[in-house]
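Quick notes on the structure that follows.
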Amino acid sequence: MALYPSKFKNPLINWIDARLPIFTLMHHEYIEFQMPRNVNYLWAFGAIGMLLLMTMIATGIMLAMQYTPNTLLAFDSVEHIMRDVNYGWLLRYMHANAGAFFFLAIYVHIFRGLYYGSYQKPRELIWILGVLIYLLMMATGFLGYVLPWGQMSFWAATVITNLFSAFPVVGDPIVTWLWGGFSVDNPTLNRFFALHYLMPFVLLGVVLLHLSALHITGSNNPLGIEIKGPQDSVPFHPYVTIKDLFAFSVYLILFSVFLFFMPNYMGHPDNYIPANALVTPSHIVPEWYFLPWYAILRAIPDKLGGTVMMFAAVLVLVVLPWLDTSKVKSLVFKPVSRLFFWVFAADCILLGFCGANPPDGIWVVAARLGTIYYFAYFLVALPLLGKFERPRPRPASIAEAILKGGGSVHAHAATAQPMEKA
Amino acid sequence: MMRTMKSIIFAAAAVAVSFGFTGATKAHEGIELPEQAWAQSGPMGRIDKAQAQRGFQVYKEICSNCHSLNLASYRNLKGIGFTEDQVKVIAAGVQVQDGPNDQGEMFMRPGIQSDRFVKPFANDKAARVANNGALPPDLSVMVKARHGGEDYITALLTGYAEAPAGVSVPDGKYYNKYFASGTIGMPQMLFDDSITYADGTKATALQESKDVAVFLSYIAEPTQDERKALGIKVILFLIVFSGLMYACKRQLWADVH
């Protein structure tokens, strides 16, 4: 009767599936789906990100039931959640800390992609959708940070929205339009709340696209060699599901340490001071996950230049699949590129420190050098390395690399999971 | 080479997470806070209820003359060991404005447990007039609103001294090196024996300061002990769960090779 027959044993599932093939879809995407057998634990961070996105949406919906987006009430309504709502403190701290841990997981996910060349052909669209997800995360994170309406909320909103005033002619009207008035005030808070509620669902939609794109090309792996046959792969379930569950659990331990024992560690004390338009905090800093961008923004002595460079720093990732001219994905086979990669990773941390410190003295110099390396890595190093670095020989297939053993290549690829050695 | 590079990066990341982004023990640039031992610090630490009760006494007798505690209710005092009846007596000791009644008039009545702590001043302007133009801040979340938390409160309350040469202190201001601007509108309020503690604890200025810091720590987050207790259970569960998942994973993947 159906174009595609359903083959489930349970008659109810079969009845539904013949009319709405969600079970076939799930079976196809999460049970039969083939994963390279050599993926290491870095491949769990996408799923960890998904887990945290779900946590944030669930806690966020419950917080929204108690929160009041009005400048006179917002700060106290957050404290009302902390004090009067049953387990409100848990919801609010989970939401705040899961935000940071979501970014942490996604940063690991991004750097894993950079290291193993996961953005290369044929995964360019997965990567570009990923950049879009990251942009949406940044927007959502910023909007959410404004909602408690503390001093840092208010001044972060002021500083970030004011960036748009750097653009000539259209700048000031854009800022007024964003604010819904002539300063950050009640209309701003109201719309930020509406958008903060909306964005995660847009984000979720793009995540689904990211996953659809992933499930047509399949996952990359530490060797960067495509699956050539069944000997190279394992079915997603139960092999990867159990591995991801272990990874979730370990990540949640780390998360719980922050959540239960130092929930305000990643926040700023000034955000427990109610917003005051007349008092500027001595030192306005964004959340840690924005610090490298903040450093790039301030490294350029010109406001428009800084704003453009900051956006360019994120958007350069969009064209990364074409900037990297190498035909070999994984840095395991490219020792020179690997060195440049680790300097790049160190550079991002350096930029983070620059963003956290006041923009004077050595920090300005460091931020400028850091910014130069950041762009040079993508615009100069990757195109040239791809052309001139001669990669080391690669194994013919994933199975060959794993089953034969020996050699430095194998040792490197397998360090993350020695239990998978033959 | 690569390994050194990697370890440097991970070390840098760890340092960044531990210190770089929030300096927890500095009041402001360059001033180190003396660190006190707090019963409530650390995952196993819990609020010392007797100390918090003494701190409440300090707040009630001294601080509350100028500082509000707008987010706290009298019922919160049950969390530091006061009984229901004691809290009722404490609440009944203040007059709260209520109304309007059937005649459309506001009236005063004795406080009940669910009332928020009464404010010392009707509004911010009244508070400023009474305090030389300075506004005594609300203390509800003060411990969370300053770098150093309880250490900062203690240091500030005991940090009054003669201004060093070269620092001019305007009329009606007092020198206090732990205050961000160096001069503060609040005079020193806690001295030895400012308070007579019911439990016989010797009331030194430092003791009073620490006690009120503990009380304010509790008020800033009345659920903190509950949070840590739950955390220990959750983490123990997750450790066991991780072990089980790891065992399952090993067993399952054993076939793959």
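These numbers come from a predicted model, not from an experiment. Numbers restart at 1 for each chain; the letters A, B, ... are given by sequence-line order, proteins then strands.
- In this structure, the portions of Ile232(B) lying under 4.5 Å from any heavy atom of chain A include both its backbone and its side chain.
- For residues 271-280 of chain A, the side-chain hydrogen bond (donor to acceptor under 3.5 Å, both in side chains) pairs, not counting sequence neighbours, are Arg92(A)-Tyr272(A), Ser153(A)-Asn271(A), Asn264(A)-Tyr272(A), Tyr272(A)-Lys144(B).
- To the nearest 0.5 Å, the span separating NZ on Lys249(B) from CD1 on Ile242(A) amounts to 10.0 Å.
- Evaluated for a side chain to side chain contact (heavy atoms under 4.5 Å, CB included) with Leu238(B), the options Val250(A), Leu254(A), Ile253(A) yield exactly one hit, Ile253(A).
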Q: Just do the salt bridge (Lys or Arg N to Asp or Glu O under 4.0 Å) check on Arg75(B) and Asp84(A) with the steps written out, would you?
A: CA-CA 11 Å; Arg75(B) 66 179 163 78; Asp84(A) 304 330; 2.8 Å; yes

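- By the ring pair (Phe, Tyr, Trp, His ring centres under 6.0 Å) test, Phe82(B) pairs with Phe56(B), sequence neighbours left out.
- No side-chain donor-acceptor contact under 3.5 Å links Arg227(B) to the backbone of Leu90(A).
- Within a 6.0 Å sphere centred on CZ of Phe340(A), heavy atoms belonging to other residues, nucleotides or ligands number 12 at most.
- Under the 30°/60° scheme for interplanar angles, the aromatic rings of Tyr239(A) and Trp253(B) are found to stand perpendicular.
- For the options Ala220(B), Ala72(B), Pro137(B), heavy-atom pairs under 4.5 Å to chain A are most numerous at Ala220(B).
- With contacts defined as side-chain heavy-atom distances shorter than 4.5 Å, the pair Arg146(B)/Pro269(A) does not qualify.
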Q.
Does Glu226(B) form a side chain to side chain contact (heavy atoms under 4.5 Å, CB included) with Trp89(A)? I'd like the steps, not just the answer.
A. CA-CA 10 Å; Glu226(B) 185 190 351; Trp89(A) 57 268; 3.8 Å; yes

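- The 12-atom threshold is not exceeded at CG of Asn86(A), counting heavy atoms of other residues, nucleotides or ligands nearer than 6.0 Å.
- Side-chain contact between Phe260(A) and Lys228(B): absent, with no pair of heavy atoms (C-beta onward) separated by less than 4.5 Å.
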Q: For the pair Glu221(B) and Tyr93(A), evaluate side chain to side chain contact (heavy atoms under 4.5 Å, CB included) and give the outcome as yes or no after the intermediate values.
A: CA-CA 12 Å; Glu221(B) 193 172 336; Tyr93(A) 278 154; 2.7 Å; yes

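- Atom OG of residue Ser249(A) and atom CZ of residue Phe237(B) lie 7.0 Å apart, to the nearest 0.5 angstrom.
- For chain A, the nearby part of Pro222(B) is the side chain; its heavy atoms alone come within less than 4.5 Å.
- Of all the listed residues (Leu230(B), Ile235(B), Leu71(B)), the one sharing the greatest number of non-hydrogen pairs under 4.5 Å with chain A is Leu71(B).
- Heavy atoms of Leu259(A) lying under 4.5 Å from chain B belong exclusively to its backbone.
- Within a 6.0 Å radius of NZ in Lys78(B), more than 12 heavy atoms belonging to other residues, nucleotides or ligands are found.
- Of the two parts of Phe75(A), only the side chain, counted from C-beta on, holds a non-hydrogen atom closer than 4.5 Å to a non-hydrogen atom of chain B.
- In this structure, the side chain of Arg83(A) does not engage the main chain of Ser73(B) through any donor-acceptor pair within 3.5 Å.
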